[in-house]
Amino acid sequence: MSQGFFLSFEGADGSGKSTQARRLAAYLRGKGRQVVLTREPGGSTGAEEIRRLLVEGDPGRWSAKTEILLFTAARRDHLERTILPALARGEIVISDRFADSTRVYQGAARAELRQTVEALHALMIGTEPDLTLVIDIDAKTGLARGLARNSGEDRFEELGAGFQQKLRTGYRALLTDFPERCIGIDGNASEETVAQRIRDALQGHLP
Ligand code: TMP
């Protein structure tokens with residue numbers, strides 16, 4: 001049993017989760033907590049290399065099944081080298097995305113491969129966050145925000161508005177699939193208001 005606390009942020013592209021993850025990390029550090037802020041795909045040297053293969057280039061570059069393998073390979077390295085050591089040190093790990101992203105993106109939105117995702121997850125990862133905050137945002141707003149960033153990492157955003165709507169539906173289903181660890185946060189508000197909603201939702205959860 002780890003003594004730290006593993007918190008993940010989830011949501012469609014442009015939901016504001018990365019900003020909120022950063023804000024929460026700063027807030028908790030201000031309270032004297034040891035926090036590791038990390039992300040997926042990425043979060044370790046090897047996983048960041050795999051990230052570039054996944055988020056850049058043509059939308060049809062990989063099939064959904066190949067993507068599942070690449071995301072899982074990146075996740076395994078991230079888990080071994082970043083997440084588990086931090087939890088063993090008793091720290092709070094905040095990850096901007098984790099396995100739920102594969103459940104929703106590859107398992108529900110990009111393809112219907114949820115069984116494959118679950119089987120590979122059980123075999124190779126086998127770890128869930130202690131708590132997951134799912135930020136819900138209007139699909140059009142999310143897509144506009146994501147593309148406006150012009151980050152060069154638009155492979156998934158380029159799949160379009162219909163895809164963003166499927167993501168939203170997939171994330172809502174996650175709340176019913178894992179009610180014991182998933183909390184929905186309404187992200188259709190100012191950054192400050194959403195940050196306050198997140199702090200309220202965390203009350204009583206952090207050790
Ligand atoms: P990011 O923009 O939140 O850093 O994530 C990069 C993209 O990768 C984003 O469009 C979501 C996608 N993604 C998946 O499709 N499956 C996954 O398992 C993860 C972690 C991300």
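Every value quoted in this text rests on a predicted model; they were computed, and no experiment measured them. Each ligand, and each atom within it, is numbered from 1 in the order the structure gives.
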Subject >> Between R75 and T102: side-chain donor-acceptor atoms closer than 3.5 Å >> reply: yes
Subject >> ligand 1-proximal atoms of R110, by part, heavy-atom distance under 4.0 Å >> reply: neither
Original post:
Would F98 and F9 count as a close aromatic pair, with their ring centres under 6.0 Å?
Top reply: no
Original post:
With respect to atom 21 (C) of ligand 1, which of Y105, F98, F71 exhibits the smallest heavy-atom separation?
Top reply: F71
**OP:** Identify which one of R168, R97, R149 satisfies the salt bridge (charged side-chain N to carboxylate O under 4.0 Å, His left out) criterion when paired with D13.
**Re:** R97
Subject >> Proximal atoms of ligand 1 relative to R97 (non-hydrogen, under 4.0 Å) >> reply: 1 (P), 3 (O), 5 (O), 9 (C), 11 (C), 20 (C), 21 (C)
**OP:** Please determine, by modelled atom types, if E40 and S101 share a side-chain donor-acceptor pair under 3.5 angstrom.
**Re:** no
Subject >> Proximal atoms of ligand 1 relative to V55 (non-hydrogen, under 4.0 Å) >> reply: 6 (C), 7 (C)
**OP:** For Q106 and ligand 1, answer yes if some heavy atom of the residue is under 4.0 Å from a ligand atom, otherwise no.
**Re:** yes
Original post:
Between D100 and R103, is the closest basic N to carboxylate O distance under 4.0 Å?
Top reply: yes
Original post:
Can you tell me if R75 has a non-hydrogen atom under 4.0 Å from ligand 1?
Top reply: yes
Subject >> Smallest separation among heavy atoms of C182 and L174, with atom names >> reply: SG-O, 4.2 Å
Original post:
Is the side chain of R145 donor-acceptor paired with the backbone N or O of G14 at a distance under 3.5 Å, no angle test?
Top reply: yes
**OP:** Within a distance under 4.0 Å of any heavy atom of K17, pick out the atoms of ligand 1 and give their elements.
**Re:** 3 (O)
**OP:** Mind checking whether R51 contacts ligand 1 via backbone (N, CA, C, O), side chain (CB onward), both or neither, at a 4.0 Å heavy-atom cut-off?
**Re:** side chain
Original post:
Could an N or O of ligand 1 be found under 3.5 Å from any N or O of D13, whether backbone or side chain?
Top reply: yes
Original post:
Taking heavy atoms and a distance under 4.0 Å, where does T102 meet ligand 1: side chain, backbone, both or neither?
Top reply: both
